[in-house]
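Read the structure below first, then the notes.
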2 protein chains.
Amino acid sequence: MSAEPAAAYRMPNQSEIRIETVLQALADPVRLEMVRQLAKDDGELTCGAFDVPVSKSTLTHHLRTLREAGVIGGRPQGTTRLNWLRRKDLDALFPGLLDGVLAARH
Amino acid sequence: MSAEPAAAYRMPNQSEIRIETVLQALADPVRLEMVRQLAKDDGELTCGAFDVPVSKSTLTHHLRTLREAGVIGGRPQGTTRLNWLRRKDLDALFPGLLDGVLAARH
DNA sequence: CTCGTAGTACGGTAGCCATCGAACTTCGAT
DNA sequence: ATCGAAGTTCGATGGCTACCGTACTACGAG
């Protein structure tokens with residue numbers, strides 16, 4: 001009944017983003033790869049569009065972790081959901097961090 | 001028997017440093033604080049000089065983690081050991097990362 | 001040599017978290 | 001209204017790791 005917008009939609013505003021949480025989110029290989037894929041041409045990806053070797057439920061878990069850390073944003077779009085990198089917010093808080101991470105050879 | 005220099009002294013050379021490992025090392029609050037303390041005036045700290053709320057053995061564990069990730073270097077000095085940030089190597093591999101992390105308000 | 005200090009090694013424990021499958025929800029299409 | 005596709009939620013599990021105390025090693029001072 002009038003259900004709240006689902007915890008899934010919650011994400012911190014810029015001032016709530018903490019470096020410890022961001023680093024923890026980026027520290028997982030799968031999530032790091034997801035961030036790399038989001039960084040390509042600054043686009044938005046649906047959940048199903050990520051190319052990572054995990055199950056659908058695990059993917060949801062990683063997206064939630066990234067979103068709650070403030071690394072990505074998400075908005076529902078029909079039956080799917082679009083995700084994007086919060087590059088502006090991250091650059092403002094931790095200038096150079098994202099670029100440094102993405103500069104790594106892999 | 002000419003014991004080897006102890007695993008504790010081993011650390012990766014620049015080309016062996018991997019971003020995943022570095023991020024994992026930085027993702028722990030205690031280790032992040034240690035890195036912050038090392039970053040102050042680019043100095044060297046003995047193991048005992050870190051101001052963190054963990055036991056001596058745990059401190060050793062964190063120093064090993066940071067060293068094996070390539071975040072810090074260490075050299076024995078008498079009965080103590082000096083630790084320093086490998087800022088040059090990190091900046092070369094991941095330009096901006098360290099500055100971004102250290103720029104975070106805390 | 002003896003003693004104290006600095007740090008490491010070891011074994012054990014508790015808590016976290018990445019992972020999965022299955023069940024559920026939501027939305028668009030037919 | 002039904003169906004299917006896209007995500008989410010839930011519960012369980014295994015592995016990793018931060019943490020500690022104790023025992024040990026290495027070095028310098030006296």
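Below, chain A is the first sequence line, B the second, and so on; all start at residue 1.
- Here the nucleotide nearest the side chain of A:Ser57, chosen from D:dG7, D:dA18, C:dA22, is C:dA22.
- B:Gln37 places a side-chain N or O within donor-acceptor distance of the main-chain N or O of B:Asp51, the cut-off being under 3.5 Å.
- Atom-to-atom, CD of A:Glu68 to P of D:dT8 comes out at 12 Å; the value is rounded to the nearest Å.
- With rounding to whole Å, A:Leu66 atom CG is found 15 Å from D:dG7 atom P.
- Among the atoms of the strands shown, only primed sugar atoms or phosphate atoms (P, OP1, OP2) are found under 4.0 Å from some heavy atom of B:His62.
- Heavy-atom distances to DNA chain C give each of A:Pro53 and A:Gly78 a nearest nucleotide, and the one nearer the 5′ end belongs to A:Pro53.
- Closest contact between the side chain of A:Val54 and the listed nucleotides C:dA18, C:dC20, D:dT17 involves C:dC20.
- Side-chain contact between B:Leu66 and B:Met34 is present, with heavy atoms from C-beta onward closer than 4.5 Å.
- Rounding to the nearest 0.5 angstrom, the gap separating the SG atom in A:Cys47 from the CG atom in A:Leu63 is 5.0 Å.
- The CZ atom of B:Arg10 sits 15 Å away from the P atom of C:dT8 (whole-angstrom rounding).
- Cluster annotation: B:Leu85 is connected to B:Val52 through the hydrophobic network of ILVMFWY side chains, with a link wherever side-chain heavy atoms come within less than 4.5 Å.
- As judged by a 4.0 angstrom heavy-atom cut-off over every strand, B:Thr60 is placed among the base-contacting residues.
- B:Met34 places its CE atom 14 Å from the C1' atom of D:dC19, with the value rounded to the nearest Å.
- Between A:Thr46 and D:dG7 there is a side-chain N or O to OP1 or OP2 distance below 4.0 Å.
- When the side-chain nitrogen and oxygen atoms of B:Thr58 are compared with OP1 and OP2 of D:dC19, none of them lie within a distance under 4.0 Å.
- Separating the CZ atom of B:Arg75 from the P atom of C:dG7 is a distance of 13 Å, rounded to the nearest angstrom.
- Rounded to whole angstrom, the span from the CG atom of B:Leu45 across to the C1' atom of C:dG7 amounts to 15 Å.
- Between the CG atom of B:Leu26 and the C1' atom of D:dA18 there is a distance of 16 Å, rounded to whole Å.
- Residue A:Arg81 places at least one side-chain N or O under 4.0 Å from the OP1 or OP2 atom of D:dT8.
- In this model, no side-chain donor or acceptor of A:Thr79 finds a partner on the base of C:dG28 within 3.5 Å.
- Taking 4.0 angstrom as the limit, A:Arg64 places none of its side-chain polar atoms (N or O) nearer than this to OP1 or OP2 of D:dG7.
- The listed nucleotides are D:dG7, C:dT19, C:dA22; the one nearest the side chain of A:His61 is C:dT19.
- Note: CG (B:Asp28) to P (C:dC17) measures 11 Å, nearest angstrom.
- Positionally, the nearest nucleotide of DNA chain D for B:Leu59 lies more toward the 5' end than for the other of B:Leu59 and B:Lys56.
- A side chain to side chain contact (heavy atoms under 4.5 Å, CB included) with A:Leu97 is found for exactly one of B:Asp99, B:Val101, B:Leu98, namely B:Val101.
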